[in-house]
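Shown next, in structure tokens, is the structure this report addresses.
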Amino acid sequence: YLQNQSAFGDEGDDKARKENMEDNYIQACFYLAQVYGYLKDPIKSASYCSSTLGFQLKVQDRVPLDREDWAQNAAQLAGFYLSNLDFSSTAYCLGAAGVMIQSCANSSEDGKKSCEDVLANIALAWAKLYSHQLSAARAAMWHGCPGQLAMAATLATVSFPSLGIPVGESVGRLPVNYEEAREIFN
């Protein structure tokens, strides 16, 4: 449809039409996340939340982004992944939230004050992640399969490439001894 319409409008119209479609898509993803949450399908809801956050980053050059709100939402998404024992996605979301909230906190004195709660929530979420990893490692040892973890669900990959978040592969695995635990948690 858009390709056919471009013959009737100028290049500026095409750009505006594309931006309008992107905005509508972001809204649709947000609403679908809400709908699937209401329908008790948390995996689809989380997938659409992740898509919404990713597209918000993509269009932040033309649509103002509330960095504090974005970071809080990424931290909440991390909580979902943690509840499903997806430690890598949890760490990735927390890393993204940390990057975003740091840019918010560095903006002004008022920014630092308003971001303190989100910074505290992110720190608490990291602590919960490490606690869950240790508990899962202990449970795996007791069941005779050290270092192995059965996922509660198959989850979609979360990715925010524009933030450049480095998350090591060690975050997703369970420690089997003290040395590995130090490597993962340091």
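Numbers here are sequence positions counted from 1.
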Backbone N/O of [Y] and side chain of [X]: donor-acceptor pair under 3.5 Å:
| X | Y | answer |
| --- | --- | --- |
| Y92 | F160 | yes |
| D66 | E68 | yes |
| W70 | L53 | yes |
| N20 | A16 | no |
| S83 | F80 | yes |

Do the side chains of [X] and [Y] join up, straight or via other hydrophobic residues, at under 4.5 Å, putting them in one cluster?
| X | Y | result |
| --- | --- | --- |
| Y81 | Y36 | no |
| L57 | V59 | no |
| I122 | Y130 | yes |
| I26 | V63 | yes |

Give the minimum heavy-atom separation between [X] and [Y], together with the two atoms involved.
| X | Y | value |
| --- | --- | --- |
| L129 | A91 | CD2-CB, 4.0 Å |
| T90 | L82 | OG1-N, 3.0 Å |
| A33 | S45 | O-OG, 2.7 Å |
| L94 | A75 | CD2-CA, 4.2 Å |

Can you tell if the side chain of [X] reaches within under 4.5 Å of the side chain of [Y], non-hydrogen atoms only?
| X | Y | answer |
| --- | --- | --- |
| F87 | L85 | yes |
| Q102 | L119 | yes |
| K128 | L124 | yes |

Let me confirm one number: the [atom1]-[atom2] distance from [X] to [Y], rounded to the nearest 0.5 Å.
| X | Y | atom1 | atom2 | result |
| --- | --- | --- | --- | --- |
| N121 | C115 | CG | SG | 11.5 Å |
| Q56 | C29 | CD | SG | 10.0 Å |
| I43 | N84 | CD1 | CG | 6.0 Å |
| Q72 | D117 | CD | CG | 8.5 Å |

Quick one: do Q60 and R67 satisfy side chain to side chain contact (heavy atoms under 4.5 Å, CB included)? Show the steps, please.
-> CA-CA 10 Å; Q60 69 178 325; R67 294 178 179 284; 3.3 Å; yes
Positive for side-chain contact (heavy atoms from CB on, under 4.5 Å) with V158, one of S50, S51, S47 | S50
Take L65 and M100 through the test side chain to side chain contact (heavy atoms under 4.5 Å, CB included) and record every step on the way to the result.
-> CA-CA 10 Å; L65 179 64; M100 191 60 71; 3.9 Å; yes
Short N-O contact, D23 and R62, less than 4.0 angstrom =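 Result for this pair is yes, salt bridge flagged.
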Are E22 and R17 within salt-bridge range, i.e. N to O under 4.0 Å?
-> no
Take atom CG in D41; do more than 12 heavy atoms of anything else shown fall under 6.0 Å from it?
->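 Correct, the count exceeds 12.
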Verify the ring-centre separation between Y48 and F30: is it less than 6.0 angstrom?
->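 Aromatic pair excluded; centres sit 6.0 Å or further apart.
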